[in-house]
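Notes for the one structure printed next.
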Number of protein chains: 2
Amino acid sequence: MAKSDTHMTMRVVNHIRTLIETGDLQPGDRIPPEREFARRLRISRASLRTGIGYLAAMGVMDVRHGVGTFVADGPPELGKSSLSLLGALHGFQSWQMFEARRILESELAALAAERGREQHISAMSEEIAEMYATVNDPIEYLIHDVRFHRVIAQASGNPILAALMETITSALYDERRKTAERSRDLKESADLHREIYRAIRSRNSREARAVMERHLTAAQSAQDLEISGGPPPPPENGQATKKARRKPVAV
Amino acid sequence: MAKSDTHMTMRVVNHIRTLIETGDLQPGDRIPPEREFARRLRISRASLRTGIGYLAAMGVMDVRHGVGTFVADGPPELGKSSLSLLGALHGFQSWQMFEARRILESELAALAAERGREQHISAMSEEIAEMYATVNDPIEYLIHDVRFHRVIAQASGNPILAALMETITSALYDERRKTAERSRDLKESADLHREIYRAIRSRNSREARAVMERHLTAAQSAQDLEISGGPPPPPENGQATKKARRKPVAV
DNA sequence: TATATTTTAGTGGTCGGACCTCTGCAGCAC
DNA sequence: GTGCTGCAGAGGTCCGACCACTAAAATATA
C-alpha cells in the first residue's frame with residue numbers, strides 16, 4: 001500500500017492498521033499512553049502523535065484529552081467535516097449535495113426493502129411514531145428524521161454506502177438545522193416517511209426507492225425556498241484550467 | 001461547526017478554511033513556510049503542523065518534503081486510504097465494495113448521458129481507443145479503464161458523487177491490479193465499455209445506467225473467480241454490542 | 001454515615017528550539 | 001551544452017519541559 005520504512009507517520013499508521021487487521025485492536029479499545037507507545041515503537045512522541053492525528057482525521061481513532069486514545073467505535077464514518085472542507089475548496093453546489101444524497105438514499109431504501117431485518121423494521125416504526133409526536137417541535141423532529149434515515153442505511157446491509165450517506169448528511173446537517181425552526185408541514189413529511197416505511201416493510205424495493213426519491217426531492221425544494229428564491233438546478237461543469245503558482249499566497 | 005478558540009488544530013483548520021472560502025487560497029496555491037506561518041499565527045510550529053496534517057489527511061492540503069505545502073489540486077478526493085482503513089476496522093466485505101461501486105457508477109453513467117459535454121465524449125472515445133489498443137497489456141489496459149470511468153464521473157457534473165466514486169475505486173485499485181495480470185477477455189471488456197460510451201453519446205441515460213451495471217456485475221464476477229472460489233453475496237448485518245474496555249490492549 | 005469538596009495521578013496538548021533530510025536550482029567544471 | 005557540486009530553503013524528526021483536562025482517590029463537611 002504505502003512505504004512502511006521512511007515516513008514515521010505511515011509507520012505508525014501501518015502499525016496500527018496491522019493491529020486492527022489482526023484483531024489485536026478492536027473498536028472501543030484503548031491504545032497505550034503516548035509516551036509509553038512511542039518508547040515501545042522506538043520513535044518520538046511527536047511522530048507518534050502525527051500518525052495518530054492522521055488516523056483521527058480519518059475517523060479511525062478517537063482522541064480524548066485527559067482520558068486516552070481509542071479505536072473509533074460506533075458506525076463507520078469518514079472524516080466528519082471532510083466533505084465540508086472539500087466543498088469549500090472545490091465550490092460544491094447545494095443542489096449537488098442534494099442530488100448525491102437523493103441517489104444514495106434511494107438505493108439505500110431499495111436495499112433496505114430487500115434485506116432489512118425485524119429489528120430495523122421496528123426501529124423505523126419507533127422513529128416514525130416519534131416524528132408524528134413531535135410535528136410541532138421541529139428541532140426534535142429533525143433528530144428522529146435523521147435517525148430514521150440512519151436506520152434505513154443500517155438495514156441496507158452495506159456499511160460502505162451507509163458511511164457515504166453519513167458523510168453527506170453530516171455536511172448538510174448544519175444547514176438543515178438552521179431552517180428547521182421555520183419548518184412547517186411536518187405532518188406531510190411524516191406521512192411520506194411512513195410511506196417509505198411501509199414500502200420497506202412490505203419488501204417492495206421499487207416503491208421504497210421511488211418514495212424516498214420523492215421525499216428527498218420535496219425536501220430539497222423546501223430547503224431551496226427557505227434559503228433563496230431561485231433554486232438553480234441547471235447543471236454544468238468544466239475542467240478548471242491548471243495553474244502552478246510558485247509563490248505563497250498572501251495571508 | 002467547531003470551536004475555533006481552544007484546540008490549536010481546529011484554529012489552524014478554520015483559519016485555512018476561511019482563507020479558502022474567501023478565495024485567498026485556491027487549489028495549487030502554496031502556503032507560507034511553516035516557521036513563518038506559525039510565527040504569524042502566534043502558535044508553535046508543532047501545532048501548525050498538527051492542523052496541516054489534519055487537512056492533509058482530508059486531502060485538502062498537499063505536503064511535499066523539501067518543497068512546500070500546497071492546497072490540493074486536481075479532482076476532489078477524500079482521504080486516499082480512508083475507506084481502506086475503515087474497511088480494516090469494520091470488516092467491509094468485498095461484495096459490499098463492489099455493490100457500492102456499482103450503484104454509484106451506474107447513476108454516474110446516467111447523469112453523464114444527460115449532462116456530458118463534447119469534451120467528455122471525446123475524452124471517453126480516446127480512452128476506448130487506447131483500451132482496444134492495449135487488450136494484450138493488462139496493466140496498461142487497467143490505466144485507461146480507470147481513466148474512462150473517471151471521465152464519466154467528471155461528465156456527470158456532480159463532483160461530490162465523483163469524489164465518492166474515487167474513494168471507492170482507489171480502495172479497490174490494489175486488488176484489481178493484482179489480478180489484472182492474469183486478466184483475459186479484455187476484448188469483451190472493451191466492447192462493454194464501448195457500449196457504455198455509445199449510450200452516453202446518444203444521451204440515453206437509462207441504457208447507460210443499465211450497461212454500466214452489467215459491466216460492473218461482470219467485473220465483480222471475474223474478480224471473485226480470481227480471488228477465491230465462492231463469491232459470498234448473501235447479505236446480512238447486525239448491531240455490534242457495545243463495550244467499553246478500560247485498559248489499553250496489548251501491542 | 002452520606003455527601004460534597006479537594007487533591008492527585010495519569011493522559012493528551014502545546015511549546016520552542018535544535019538538528020536531519022529532501023528538493024530544486026544556481027554556479028562551476030568539463 | 002552537459003553534468004556535477006554546493007547551497008539555501010522547505011518539511012521531518014527529535015527532545016524535554018510544561019500546560020490542561022479528566023477521573024478517581026482522599027479528605028473535609030454535614
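Lettering of chains follows the sequences in order, A, B, ..., and the numbering in each one begins at 1. In this text the structure is predicted, and so the values were computed from the model without any measurement.
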[X] [atom1] to [N] [atom2], straight-line distance once rounded to whole Å:
| X | N | atom1 | atom2 | result |
| --- | --- | --- | --- | --- |
| R30(B) | dG24(C) | CZ | C1' | 12 Å |
| F70(A) | dA23(D) | CZ | C1' | 11 Å |
| M10(A) | dT13(D) | CE | P | 11 Å |
| R64(A) | dA23(D) | CZ | C1' | 12 Å |
| E36(A) | dG10(C) | CD | P | 12 Å |
| R39(B) | dC15(C) | CZ | C1' | 16 Å |
| M8(B) | dT14(C) | CE | C1' | 8 Å |

Under 4.0 Å between a side-chain N or O of T69(B) and OP1 or OP2 of dG11(D)?
yes
With a 4.0 Å limit, can you tell me whether S47(B) has a side-chain N or O closer than that to the phosphate oxygens OP1/OP2 of dC15(C)?
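Result: yes.
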Residues in ring-ring contact (aromatic ring centres under 6.0 Å, His included) with F148(A), at least two apart?
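Applying ring-ring contact (aromatic ring centres under 6.0 Å, His included) to F148(A) gives H193(A).
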Side chains of S84(A) and R17(B): do they bring a donor and an acceptor to under 3.5 Å?
yes
Donor + acceptor pair across side chains of S156(A), N158(A) (<3.5 Å):
no
Might you list the N or O atoms of the protein lying below 3.5 Å from N or O atoms in nucleotides 16-19 of chain C, with each pair's distance?
{"residue": "dC19(C)", "atom": "N4", "partner": "R35(B)", "partner atom": "NH2", "Å": "3.4"}

Quick one: the side chain of H65(B) and the base of dT21(C), do they pair up donor-acceptor inside 3.5 Å?
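Side chain to base: pair found, below 3.5 Å.
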Has [X] got a side-chain atom pairing as donor or acceptor with [Y]'s backbone, closer than 3.5 angstrom?
| X | Y | answer |
| --- | --- | --- |
| Q96(A) | G157(B) | yes |
| E36(A) | P33(A) | no |
| H149(A) | V146(A) | no |
| T167(A) | A163(A) | yes |

Distance, nearest 0.5 Å, that separates OH of Y54(B) from CE of M58(A)
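Answer rounded to 0.5 Å: 10.5 Å.
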Please report the interatomic distance CZ(R49(B)) to CZ(R49(A)), rounded to the nearest 0.5 Å.
12.5 Å
Any residue in residues 48-62 of chain B with a heavy atom nearer than 4.0 angstrom to DNA chain C? Just list them by number, or reply none.
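Heavy-atom cutoff 4.0 Å gives no residues at all.
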